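Since the structure comes first, as structure tokens, the remarks are kept for the end.
Given the structure is predicted, the values throughout are model-derived calculations rather than measurements. Values below: all heavy atoms of this structure, side chains included; hydrogens, waters and symmetry mates excluded. Numbers for residues simply follow the sequence, beginning at 1.
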Amino acid sequence: GLDPETRKTLESISRHVETESRLINDLLDVMRIVRGKIELEKRRVTIGRVLQRAIDICRSDLEAAQLRFSLDLGDIGACWLEADVFRLEQLFGNLLKNAIKFTPAGGYVAIEGRRRNGTLTIDIRDSGIGIEPAALPKVFEAFEQETRSITRRYGGLGLGLAISRAIVELHGGVIGVHSEGRGRGATFSVQLPVAESDGAVEPVLAEAADEVLSPLRILLVEDHRATADMIEIVLAEKGHAVTKAEDVAAALRAAGERPFDLLISDLGLPDGSGHELLRTLREQGREWPAIALSGYGQEGDLQRSLQSGFARHVIKPASQAELLAAIAAVQREPHEGAIRAQGTGEVDEKGGARADHESSPATPAD
């Protein structure tokens, strides 16, 4: 294991890289919005499932900020939506991170939901610094933050809420905000149309993330040594047993020596690709679920991961929370075939094919 000072340094570097990556990807999303390039891939999903994933992603931020958190969906958790799951996770993740960012330690963040006729309303409330009345009309505009002092103190470019509004509107919904003013907190309200029920029943929020995250035997395939070490630290702290491999050949040797419950593999490896690795493992009869790590997140990249048999596609660089949320999702849905995208890694604006080899870290360490 790493000594405490080295671990502290790696964690600090990870946070800085994650912040820079988020800013870059927000800029890319704004460019897509301006060009009308955001396209949705809709499927049926319950609002409870979407919110649970967003909460999983933000859980470590809530804990680090020392905030009280509550979720009250009443009886609407099993209501169905026709939605792009990745984009809704991004939407509610943005709103939760915004509430956490502007709420001092000891405060609270709450999610409340209700249904009226054919519309779901989800409120994200906080006890944070609030918004001046004059600033309310501009909060969803790109690059708008109330004052320069807020920008200096809290960082960011004021893009998350602009992206959130675009996502809501693409789903045929409406987003709004209310605040009584400085120091009085804020409430962001999202209204989304309900999909007609087809009689399907989905268990919602039946298990907490900590209950789902039972210890696993994980084969981690990553050729970037510092990245592999950082991911191993994160997983080991959650009780998982991790075996590391640097390439396809080493991964296949490890798979032949002992059983595993989960494969987490970079897609760009020195002697092949994660797609080829998983295909070979399946041919050998090894059916444990798999999560792909990739620096690329175009729809074509996600589809290729799905076709290869990956259950989840984590976009680099991803936070610790995003990686753990992906593992929790795989454990919750071991038999679900649809691909999921997690994270907001840099993508190719031209939408062209990418080379398989990638060197950017999933949980950045250098």
Could you please spell out the steps behind the side-chain contact (heavy atoms from CB on, under 4.5 Å) verdict for F92 and I55?
-> CA-CA 8 Å; F92 288 111; I55 293 166; over 6 Å; no
Would you kindly confirm whether Y108 and L95 end up in one hydrophobic cluster when ILVMFWY residues are joined by side chain heavy atoms under 4.5 Å apart?
->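 Hydrophobic grouping puts Y108 apart from L95.
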Linking I/L/V/M/F/W/Y whenever their side-chain heavy atoms sit closer than 4.5 Å, directly or via other members, would V174 and V50 fall into one cluster?
->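 No; V50 is not reachable from V174 via cluster members.
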Which heavy atom of [X] sits nearest to which heavy atom of [Y], and what is that distance?
X    : Y    : value
L73  : G48  : CD1-CA, 4.0 Å
G172 : P193 : O-CD, 3.8 Å
I122 : I47  : CD1-CG1, 4.0 Å
P215 : G239 : CB-O, 3.4 Å
V314 : A326 : CG2-CB, 3.7 Å
A329 : R312 : CB-NH1, 3.6 Å

Gap between atom [atom2] of [Y] and atom [atom1] of [X] - 0.5 Å precision:
X    : Y    : atom1 : atom2 : result
I100 : I124 : CD1   : CD1   : 11.0 Å
L88  : L51  : CG    : CG    : 9.0 Å
T121 : I76  : OG1   : CD1   : 8.0 Å
H224 : M230 : NE2   : CE    : 11.0 Å
I264 : F310 : CD1   : CZ    : 10.5 Å
I131 : R184 : CD1   : CZ    : 13.5 Å

If you count the non-hydrogen atoms of other residues, nucleotides and ligands that lie under 6.0 Å from CZ in R116, is the total more than 12?
->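 Counting other residues, nucleotides and ligands, CZ of R116 stays at 12 neighbours or fewer.
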Please indicate whether Q284 has more than 12 foreign heavy atoms, meaning atoms of other residues, nucleotides or ligands, lying under 6.0 Å from its CD.
->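 Result for CD/Q284: enclosed.
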Sidechain-backbone polar pair: [X] side chain, [Y] backbone, donor-acceptor under 3.5 Å:
X    : Y    : result
D126 : A186 : yes
D271 : A249 : yes
R165 : F140 : yes

Which residues pass the ring pair (Phe, Tyr, Trp, His ring centres under 6.0 Å) test with F260, sequence neighbours left out?
->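 Only W288 meet the ring pair (Phe, Tyr, Trp, His ring centres under 6.0 Å) criterion with F260.
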Candidate list E112, R125, E180, test side-chain contact (heavy atoms from CB on, under 4.5 Å), partner T187, passing option |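 Only one of E112, R125, E180 forms a side-chain contact (heavy atoms from CB on, under 4.5 Å) with T187, namely R125.
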Does a donor on one side chain sit under 3.5 Å from an acceptor on the other, for Q90 and R87?
->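 A donor-acceptor contact under 3.5 Å links the two side chains.
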What residue among T119, D123, D72 forms side chain to side chain donor-acceptor pair (under 3.5 Å) with R114?
->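 One option only clears the test, and that one is D123.
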Criterion side chain to side chain donor-acceptor pair (under 3.5 Å) against S308, the qualifying member of Q303, R282, E276, H275 |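 It is H275; the other options fail the test.
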Passes side-chain contact (heavy atoms from CB on, under 4.5 Å), L277 versus L263? Steps please.
-> CA-CA 10 Å; L277 168 61; L263 168 71; 4.2 Å; yes
Taking C-beta and beyond as the side chain, do [X] and [Y] meet within less than 4.5 Å on heavy atoms?
X    : Y    : result
R182 : I129 : yes
L278 : S265 : no
I167 : D84  : no
L262 : Q331 : no
S189 : H178 : no
V190 : L120 : no
L267 : S273 : no
R225 : E246 : yes

Would I231 and L293 count as a side-chain contact (heavy atoms from CB on, under 4.5 Å) if you check the C-alpha gap in whole Å, the side-chain angles of each, and the deciding distance to 0.1 Å?
-> CA-CA 11 Å; I231 294 176; L293 301 178; 4.1 Å; yes
Lys/Arg-Asp/Glu bridge criterion (N-O < 4.0 Å) met for D61, K101 |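 Salt bridge absent between D61 and K101.
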Taking only Lys NZ, Arg NE, NH1 and NH2, and the carboxylate oxygens of Asp or Glu, determine whether E82 and R44 approach each other closer than 4.0 Å.
->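 So E82 pairs with R44 through a salt bridge.
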Between L235 and L324, is a side-chain contact (heavy atoms from CB on, under 4.5 Å) present by the stated rule, with each step listed?
-> CA-CA 8 Å; L235 299 181; L324 293 174; 4.1 Å; yes
Using side-chain contact (heavy atoms from CB on, under 4.5 Å) as the criterion, list what pairs up with N98, not counting sequence neighbours.
->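 Result, side-chain contact (heavy atoms from CB on, under 4.5 Å) vs N98: F102, L161, F188.
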May I have the step-by-step check of side chain to side chain donor-acceptor pair (under 3.5 Å) for Q52 and R49, ending in yes or no?
-> CA-CA 5 Å; Q52 183 62 68; R49 182 64 61 89; over 6 Å; no
